[in-house]
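Presented below is the structure to which this report refers.
What you see is a predicted model; the values in this text were computed from it and never measured. Chain letters run A, B, ... following the sequence lines, proteins first and then strands; every chain starts at 1.
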There are 2 protein chains.
Amino acid sequence: MELDILLTLQTAGRDFINPKRIRLLEQIREQGSISRGAKAAGVSYKFAWDAVADMNALAGRPLVSRETGGKGGGGARLTGYGERLLNIYRLLNQIEAMAVAAVQDERVSLDSLLSVVSRMGLQTSARNQLIGRVEQLNPNDISHKVSVRLENGDLIHADITERSARRLKLETGKEVLALVKAPWVQLACASEAPSEARDNRLYGTLVGIDQGAEFDEYRIALAGDEPLCALVSRIGPPATSFRIGEPLVARFAPDQVILATLE
Amino acid sequence: MELDILLTLQTAGRDFINPKRIRLLEQIREQGSISRGAKAAGVSYKFAWDAVADMNALAGRPLVSRETGGKGGGGARLTGYGERLLNIYRLLNQIEAMAVAAVQDERVSLDSLLSVVSRMGLQTSARNQLIGRVEQLNPNDISHKVSVRLENGDLIHADITERSARRLKLETGKEVLALVKAPWVQLACASEAPSEARDNRLYGTLVGIDQGAEFDEYRIALAGDEPLCALVSRIGPPATSFRIGEPLVARFAPDQVILATLE
DNA sequence: CCTGGTTATATAAAATTTTATATAGCGTTT
DNA sequence: AAACGCTATATAAAATTTTATATAACCAGG
């Protein structure tokens, strides 16, 4: 379904800005007067004049400066503040359009605002974005260790500075997004003994390989079909070859995890 | 100014969902019938019935399932799809509220959608977020080298995989956000000779020091007052002491830069 | 088979929003 | 001093939205 977004901003229960007023403001800017702007926007002069007076009053400072008399009888122009509001409105609409697109994606969890925002079009070069909740905080070490319980039940650890933990207002139960760059993810057979006890270890099965010029991309399905992506360099000694369907363990260091959270 | 956000979704020029209809849907869920829901929402029964029929028709599948007759005369309940739409609407409103808050921040550039989105409440443990435009792409190396021109004129480089560059649809002129973790930024006197030619080198002046238990936070003002933050461990050999106002150079490795972009 | 409270539907009335129209005042230009 | 084309303001008319009211149909349960 094609959805158009109409955004209205109210203050004290009265419309401050709505689509119709925005169209009017645009036409006033274009035409240089309220009367011509009203005609161009397809509304009556009274409607236009009332709208302008109302907006100016609600904002406390004018969006439209008006002059009576003079050459051409006077006229009206947008103030810098009026121009700024048009910009803001345009931006808010674009953001809402991204949000609507994100929300129509069946994969996003509607229970999680973070899930929507993280898929709202902000792509990072960090390939893996895992959503979970803070399960434990260890403020004792030099690097603050954060345990994050993913939605599929897996547990991962992130090392961040104590200062960052404070800044993100991390606390048990808070929802976080863990960013892990694909080149930092290493793969091994699931049966292999742990070599680095400190590493995160996520078990899954190989579901796809994409061969590139310099890197091979391995797509792994974790528990609950949570996707994970690893990039393995083809330069240097040839990697162990894995087969589709094979159970694997994906490893990455806690200090390479970036956490993101809302507010 | 306190702004309330009213969101309306239209399709084919007709209202699909608007605040009044949302209030109605909520009350129908609460009350178990259209007539009681209408009363609770403060609208007439005809208005409510028309709205429900209209929404069901526009969506192509029912938001509200209705039954006539039976014990209690029948009733109406939200379908799963109806519940989902309520969730979506709630989320969209929250996102828009974040956007409105971000946009009221005088610091954000209204010319840049990316600037707004990046400040829309998504905090990362990567302390430095620098906005700029791609100036050059070097697709030849193993690691794709991306040159980013910041708004203040500075130039930085990021090493990312060729695959990521494709995924982000990087091209000259595209706006990007560079994430750099504060612990990865190293400081030196501005006069000091470059030790690692590959590193990014940004010149600025020290404007503040925040002493912590394990890390000292140095705040640097780059050209155009662009802020940069470096964390220096207090463990190990004591760092050179810098003075407020002193010109410094901040260095960080290109492969530690994460790029983010929209779409 | 009757009752109750609902859905379903239609029509008229009321309320609200928007337009149409008219007129006064303004200040530069001719 | 007159003309011009606008702002500023008011009032009535028109259009649209919403409510009020009425009535038929529905169907499990007493």
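A search for side-chain hydrogen bond (donor to acceptor under 3.5 Å, both in side chains) contacts involving A:Arg77 returns nothing, not counting sequence neighbours. In this view, A:Thr8 satisfies the side-chain hydrogen bond (donor to acceptor under 3.5 Å, both in side chains) rule with no residue, not counting sequence neighbours. Take B:Thr68 and apply the side chain to side chain contact (heavy atoms under 4.5 Å, CB included) test, not counting sequence neighbours, and it matches no residue. Under the side chain to side chain contact (heavy atoms under 4.5 Å, CB included) criterion, A:Tyr81 pairs with A:Phe16, A:Ala59, A:Arg61, A:Leu63, A:Thr79, A:Leu85, B:Met1, sequence neighbours left out. With sequence neighbours excluded, no residue satisfies side-chain hydrogen bond (donor to acceptor under 3.5 Å, both in side chains) with A:Asn128. Looking at residues two or more places apart in sequence or on another chain, you find a side chain to side chain contact (heavy atoms under 4.5 Å, CB included) between B:Tyr45 and B:Ile34, B:Ser35, B:Trp49. Among residues two or more places apart in sequence or in another chain, the side-chain hydrogen bond (donor to acceptor under 3.5 Å, both in side chains) test is passed with B:Arg14 by B:Asp54.
Over its length, the helix from C:dC1-D:dG30 to C:dT30-D:dA1 turns its helix axis by 0°, as judged from the five terminal pairs at each end, rounded to 10°.
Considering only heavy atoms from C-beta on, A:Asn87 comes within 4.5 Å of A:Arg90 through its side chain.
Rounding to whole angstrom units, CZ of residue B:Arg77 and P of C:dT7 are separated by 13 Å. In this structure, A:Arg66 places its CZ atom 17 Å from C1' of C:dG27, rounding to the nearest Å.
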Write down the protein N/O and nucleotide N/O pairs, taken from nucleotides 12-18 of chain C, whose separation is under 3.5 Å; answer none if there are no such pairs.
none

At a cut-off of 3.5 Å, list every protein nitrogen or oxygen paired with a nitrogen or oxygen from nucleotides 28-30 of chain D, distance to 0.1 Å.
unit_1 : atom_1 : unit_2  : atom_2 : d
D:dA28 : O4'    : B:Lys71 : N      : 3.3

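Using a 4.0 Å cut-off between a side-chain N of Lys or Arg and a carboxylate O of Asp or Glu, A:Arg133 and A:Glu151 do not qualify as a salt bridge. Ion pairing between B:Arg36 and B:Glu30 fails under the 4.0 Å rule for side-chain N and carboxylate O.
Side chain of A:Ser164 to main chain of A:Ile160: no donor-acceptor pair is present (N/O by atom type, distance under 3.5 Å, no hydrogens or angles). For A:Tyr89 (side chain) and A:Leu7 (main-chain N/O), a donor-acceptor pair under 3.5 Å exists by modelled atom type. Side-chain N or O atoms of B:Lys174 include one that pairs as donor or acceptor with a backbone N or O of B:Leu168 at under 3.5 Å. Without hydrogens or angle criteria, A:Ser33 side chain to A:Ala76 main chain gives no donor-acceptor distance under 3.5 Å.
Considering only side-chain N and O atoms, B:Tyr45 lies nowhere under 4.0 angstrom from the phosphate OP1 or OP2 of D:dT19. The shortest distance between the side-chain N/O atoms of B:Trp49 and the OP1/OP2 oxygens of C:dT7 is not below 4.0 Å.
Across residues 51-64 of chain B, not one residue has a non-hydrogen atom less than 4.0 Å from an atom of DNA chain D. Using a 4.0 Å cut-off on heavy atoms, none of the residues of residues 21-38 of chain A approach DNA chain C.
Looking at B:Glu226 and B:Asn152, their side chains never bring a donor and an acceptor atom within 3.5 Å of each other.
Each of A:Asp50 and A:Gly74 has a nearest nucleotide on DNA chain D; the 5'-most of these lies closest to A:Gly74.
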